[in-house]
Amino acid sequence: MKLTLHIWRQPDRNSPGRLVTYQLDGVSPDMSFLEMLDLLNEQLASSGQDPVAFDHDCREGICGMCSLVINGVPHGPLQGTTTCQLHMRHFRDGDHIYIEPFRAKAFPVIKDLVVDRSAFDRIIEAGGYISTNVGSAPEANTIPVPKEEADTAFDAATCIGCGACVAACPNASAMLFVAAKVAHFAHLPHGQPERRRRVLRMVEEMDRQGFGNCSNYEECEAACPKEISVKFIAEMNREYLRALCSPAADQV
Amino acid sequence: MTQLDGRVPSGPIAEKWDRHRRQLRLVAPANRRKFRIIVVGSGLAGASAAATLGQLGYQVDCFCFQDSPRRAHSIAAQGGINAAKNYQNDGDNVWRLFYDTIKGGDFRSREANVYRLAQISTAIIDQCVALGVPFAREYGGMLANRSFGGVQVSRTFYARGQTGQQLLLACYSALARQIDAGNVRMYPRTEMLDLVIVDGKARGIITRNLVTGEIQRHAAHAVCLATGGYGNIYYLSTNAAGCNVTATYRAYKRGAYFANPCFTQIHPTCIPPHGEHQSKLTLMSESLRNDGRIWVPKRKGDRRPPQEIPESERDYFLERMYPAFGNLVPRDIASRAIKRICDQGYGVGPLGIGVYLDFSDAIKRLGRSTIEQRYGNLFEMYERITGEDPYEVPMRIYPASHYTMGGLWVDYNLMSNIPGLFVLGEANFSDHGANRLGASALMQGLADGFFIIPNTIAHYLAGEPMQPVSTDHDAFAEAENEVRLRIRRLLQVKGRRTPDSFHRELGRLMWDNCGMIRNREGLQRTLEKVAQLREEFWENVNVLGSNEQFNIMLEKAGRVADFLEFAELMCYDALHREESCGAHFREEYQTPDGEAVRNDEQFCYVAAWEYQGVGQKPTLHKEPLVFEEVKPTVRSYK
Ligand SMILES: Cc1cc2nc3c(=O)[nH]c(=O)nc-3n(C[C@H](O)[C@H](O)[C@H](O)COP(=O)(O)OP(=O)(O)OC[C@H]3O[C@@H](n4cnc5c(N)ncnc54)[C@H](O)[C@@H]3O)c2cc1C
Ligand code: SF4
Ligand code: FES
């Protein structure tokens with residue numbers, strides 16, 4: 001396949017960026033999208049041009065490191081698929097492909113297609129955990145967890161923290177990401193003691209990091225490579241309201 | 001050569017760890033804040049260690065090269081984690097998990113470490129459940145188990161096919177809590193490039209900020225390396241793209257011994273490569289072998305689609321060769337059998353490297369929905385990569401580099417031969433001998449980080465009178481200088497080949513000659529070729545840009561440069577070990593029907609290598625392995 005790529009190039013955070021056009025020949029349909037970019041980089045480097053920086057690590061859809069907005073869609077056209085798992089058989093010979101970084105105020109560009117998503121870490125640090133010290137855990141089977149609850153917790157916990165939900169949202173809201181973590185713990189008995197404090201602190205931190213509000217566009221769910229459901233956002237809203245109204249047993 | 005002492009405590013094996021803990025020195029809570037500990041790595045081993053040490057009140061600095069600690073390579077583990085809970089009442093216990101691990105490792109691991117691992121395994125599950133890991137459960141609400149990778153009990157805990165993800169996210173959340181509490185400082189996108197030794201003790205590291213290029217010095221009272229394995233030496237592997245040997249290799253260059261570097265595991269069930277631009281290989285979890293049957297056509301070069309090949313013309317070769325274990329034989333045995341059958345021309349798929357892993361019988365027996373429940377996400381992943389639907393067409397699989405049993409040598413306290421340098425997780429050599437059993441790496445990483453290091457590091461800190469060391473010390477200046485010089489050299493070559501192209505060539509060389517099957521002649525030739533390739537690298541590598549920027553080529557070049565030195569170490573080790581054991585299969589040492597011949601008389605030891613200079617043969621030190629509890633037997637799965 002032969003492709004025309006329009007790629008966002010930006011030397012660093014403080015310099016302006018722009019789209020640069022590249023022709024790429026010899027792309028095989030079995031290549032992954034990132035292997036296609038590897039090929040481009042190999043050619044750029046060989047001719048003395050700076051290769052395109054993009055984030056990636058596991059290349060199997062689980063670490064959440066890869067990103068990219070491909071033809072306007074975070075992680076590209078395939079439903080439930082990260083960029084690293086997208087294969088070129090979903091494109092056609094002669095296609096023009098636009099490749100841009102995830103864009104959000106809370107995700108500044110570091111270089112080219114690489115953005116800083118550490119705001120997500122700060123949200124987790126503000127309460128996305130269960131405070132159990134090592135050594136104090138009871139025997140694992142003493143607290144049974146109904147299978148349905150465990151499964152729902154798991155469905156929420158599969159979030160890979162990639163940030164596509166933010167990139168897809170017209171308001172750059174992080175609601176789906178935060179809701180997934182809140183729901184994960186809310187569905188487990190072990191998560192109950194800190195339930196109220198957790199949701200209050202995480203939402204507060206989310207706002208502080210500069211993410212926008214949720215106005216129910218539901219673009220996040222469509223872009224999410226792990227198909228995290230927006231029902232968790234509704235759940236989180238209920239959690240949040242309940243936390244605001246309930247007596248402050250575990251006051252923040 | 002010296003004899004190394006693993007400092008295994010005395011006493012009956014079941015009591016060693018308890019007795020040892022009674023004797024270990026403690027650091028009082030109020031004193032812990034006076035100690036700074038560096039943890040390099042945020043995978044299961046690093047994150048669990050950093051979180052636990054932070055919780056205890058030490059000041060911890062934790063480093064990873066990804067943009068967030070949550071993305072360490074542990075995230076990709078699929079199948080599960082072992083623990084001797086015996087929830088299934090199927091005869092499991094600590095001793096059996098210990099025995100399976102020792103036997104699986106082909107009697108090349110240290111008994112006492114493995115026993116301790118089996119003992120700790122149960123507490124790991126308790127801790128992970130308490131941290132919110134949504135393990136698979138039965139309808140009654142109790143934890144579910146499955147049998148995994150060549151054992152006859154069901155002791156593996158799992159979270160669909162994403163066990164590593166769920167465990168790492170639990171460790172990451174515990175780490176986040178300690179960051180929030182101010183006990184841990186996290187340095188993401190930061191790469192350790194050297195170890196700093198002061199008065200013979202590990203006292204700090206030199207790092208490069210991968211965003212700005214800033215070179216930084218970090219001082220501490222002890223350094224823990226939890227930097228994972230070096231499976232990417234083969235270029236193509238199931239490891240994440242960033243996995244590398246740099247941290248442990250640079251520690252080796254500073255005097256830490258590297259143990260059993262040639263013990264590398266090749267996993268049987270991975271998606272075969274599609275062509276020249278393949279950048280990584282994807283594992284299909286071993287658990288698939290519970291229900292999938294492996295076969296090839298009986299006729300060489302049979303190109304019919306699999307559905308058209310009748311039952312009578314299929315060779316279920318693992319079931320034929322190993323009737324007792326069938327498709328569930330350990331990884332090394334399965335991998336070699338697959339490689340051989342493909343080498344003989346029976347392989348399937350466009351490149352002829354692959355065998356079928358077929359679920360049609362299981363789907364008939366259990367129904368599609370059960371199979372979907374068990375492996376849904378793996379099947380999806382397979383389809384996404386290959387474009388084929390494994391519910392309809394059998395999967396194609398082929399072995400790939402997956403895990404490295406070798407690593408820095410450590411004693412029973414997980415301390416290397418350099419005082420104050422501790423090594424955890426896949427980065428050390430300690431528990432898996434010559435071959436690792438499925439679902440035991442996650443267990444080891446968490447045992448090391450949650451339960452062992454907090455005890456043993458306190459013993460070290462409380463026992464060593466230590467001068468305060470600042471980063472102004474000459475040793476820091478010298479190490480920083482070396483790091484800078486090396487970066488400058490890389491940037492100044494200005495040759496014509498990319499770092500990747502060298503990596504690919506090195507990987508091919510190692511895969512062919514120091515991979516699943518090895519022989520003397522091939523290893524000797526490879527030693528020469530690696531030296532030549534390294535020479536060419538330093539004359540002809542092309543690294544664009546500067547140090548003071550986000551520079552992916554520079555990052556890569558540094559890692560490839562280390563692989564180009566480390567490859568020699570692997571070959572020396574493989575060459576010297578004149579036996580076949582576990583994953584190390586030397587062609588010269590096999591039975592007429594192709595089974596491994598181990599040599600306990602001469603090689604029942606850990607080979608720990610000491611650096612002597614680039615291109616120089618390293619010095620061998622031996623730690624004899626003493627088996628008091630189990631008798632090394634011929635590992636037969638027939
Ligand atoms: C695809 C796959 C599936 C697997 N499935 C299973 C399974 O089902 N069960 C099982 O038990 N095991 C499994 N394993 C093995 C297991 O996942 C690993 O052995 C284990 O997770 C390693 O954990 P670790 O903490 O030692 O290292 P890693 O998770 O590899 O972490 C290494 C850390 O070190 C950091 N690091 C490395 N070098 C540097 C440096 N120079 N400077 C700074 N930071 C550095 C990295 O950023 C990272 O944070 C699997 C492995 C693979 C590849
Ligand atoms: S919710 Fe989905 S899109 Fe958002 S970070 Fe998690 S996995 Fe990515
Ligand atoms: S590179 Fe890990 S999810 Fe894409």
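Side chains are part of it too, since the values below use all heavy atoms of this structure and drop only hydrogens, waters and symmetry mates. Each chain gets a letter, A, B and so on, in the order the sequences are listed, and its residues count up from 1. Predicted, not measured: the structure shown is a model, and the values here were computed from it.
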Under 4.5 Å from any heavy atom of chain A, what part of [X] do you find: side chain, backbone, both or neither?
X         : result
Met553(B) : side chain
Glu380(B) : neither
Thr238(B) : backbone
Leu169(B) : side chain
Leu131(B) : both
Arg189(B) : side chain
Leu446(B) : neither
Leu143(B) : both
Gln78(B)  : side chain
Ala159(B) : both

*Would you mind telling me which of Asp112(A), Asp12(A), Thr81(A), Asp50(A) has the largest number of heavy-atom pairs within less than 4.5 Å of chain B?*
Thr81(A)

*Pick whichever of Leu188(A), Leu78(A), Asp38(A), Val114(A) has the most heavy-atom pairs under 4.5 Å with chain B.*
Val114(A)

*For side-chain contact (heavy atoms from CB on, under 4.5 Å), just list the numbers for Tyr172(B) and Asp121(A), CA-CA rounded to whole Å, side-chain angles, deciding distance to a tenth of an Å, and then say yes or no.*
CA-CA 10 Å; Tyr172(B) 161 70; Asp121(A) 290 315; 2.5 Å; yes

When rounded to the nearest 0.5 angstrom, what distance separates [atom1] in [X] from [atom2] in [Y]?
X         : Y         : atom1 : atom2 : answer
Asp67(B)  : Met65(A)  : CG    : CE    : 4.5 Å
His277(B) : Leu34(A)  : NE2   : CG    : 14.5 Å
Ile179(B) : Glu125(A) : CD1   : CD    : 4.5 Å
Arg89(A)  : Arg384(B) : CZ    : CZ    : 11.5 Å

Could you have a look at [options] and say which one has the most heavy-atom pairs with chain A under 4.5 angstrom?
options                        : value
Ile125(B), Thr386(B), Thr52(B) : Thr386(B)
Ala76(B), Ala241(B), Ala174(B) : Ala241(B)
Phe550(B), Phe451(B), Tyr87(B) : Tyr87(B)
Asp500(B), Leu56(B), Ile385(B) : Ile385(B)

*Looking only at heavy atoms, which of residues 24-31 of chain A get nearer than 4.5 Å to chain B?*
Asp30(A), Met31(A)

*Considering only heavy atoms, give the residues of residues 133-140 of chain B separated from chain A by less than 4.5 Å, sorted numerically, with 'none' for an empty result.*
Pro134(B), Phe135(B), Arg137(B), Glu138(B), Tyr139(B), Gly140(B)

Of the backbone (N, CA, C, O) and the side chain (C-beta and beyond), which part of [X] lies under 4.5 Å from a heavy atom of chain B, both, or neither?
X         : result
Ile160(A) : both
Thr142(A) : neither
Gln49(A)  : backbone
Phe185(A) : side chain
Arg59(A)  : both
Ser118(A) : neither
His184(A) : side chain

*Identify the heavy atoms of Ala157(A) and Gln165(B) that sit nearest to each other, and give their distance.*
O-NE2, 4.1 Å

*Do Arg177(B) and Asn133(A) meet the criterion of a side-chain donor-acceptor pair at a distance under 3.5 Å?*
yes

*Would you check if there is a donor-acceptor pair between the side chains of Ser46(A) and Arg496(B) at a distance under 3.5 Å?*
no

*Would you say Asp126(B)'s side chain and Ala140(A)'s backbone share a donor-acceptor pair under 3.5 angstrom?*
yes

*Is there side-chain contact between Ile552(B) and Pro51(A), with at least one heavy-atom pair below 4.5 Å?*
yes

*With the threshold set at 4.0 Å, does a side-chain nitrogen-carboxylate oxygen contact exist between Glu139(A) and Lys85(B)?*
yes

*asked:* Closer than 4.0 angstrom, basic N to acidic O: yes or no for Asp180(B) and Arg201(A)?
replied: yes

*Apply the test side-chain contact (heavy atoms from CB on, under 4.5 Å) to residues Leu44(A) and Leu544(B): give CA-CA distance (whole Å), side-chain angles for both, the deciding distance (0.1 Å), then the verdict.*
CA-CA 10 Å; Leu44(A) 286 179; Leu544(B) 298 169; over 6 Å; no

_Arg70(B) vs Phe120(A), test: side-chain contact (heavy atoms from CB on, under 4.5 Å). Steps then yes/no._
CA-CA 11 Å; Arg70(B) 68 180 289 150; Phe120(A) 269 10; 5.7 Å; no

*Take Arg117(A) and Ser68(B) through the side-chain hydrogen bond (donor to acceptor under 3.5 Å, both in side chains) test and state the conclusion after the steps.*
CA-CA 8 Å; Arg117(A) 287 168 287 189; Ser68(B) 161; over 6 Å; no

*Please say whether more than 12 non-hydrogen atoms of neighbouring residues, nucleotides or ligands are located less than 6.0 Å from CD in Gln373(B).*
no

*If you draw a 6.0 Å radius around CZ in Arg208(A), do more than 12 non-hydrogen atoms from other residues or ligands fall strictly inside?*
yes

*With side-chain contact (heavy atoms from CB on, under 4.5 Å) as the test, would you mind laying out the steps for Asp151(A) and Arg160(B) before giving the verdict?*
CA-CA 9 Å; Asp151(A) 286 349; Arg160(B) 245 168 268 174; 4.3 Å; yes

_Name the residue from Arg71(B), His73(B), Lys280(B), Gln66(B) that meets the side-chain hydrogen bond (donor to acceptor under 3.5 Å, both in side chains) definition with Asp57(A)._
Gln66(B)

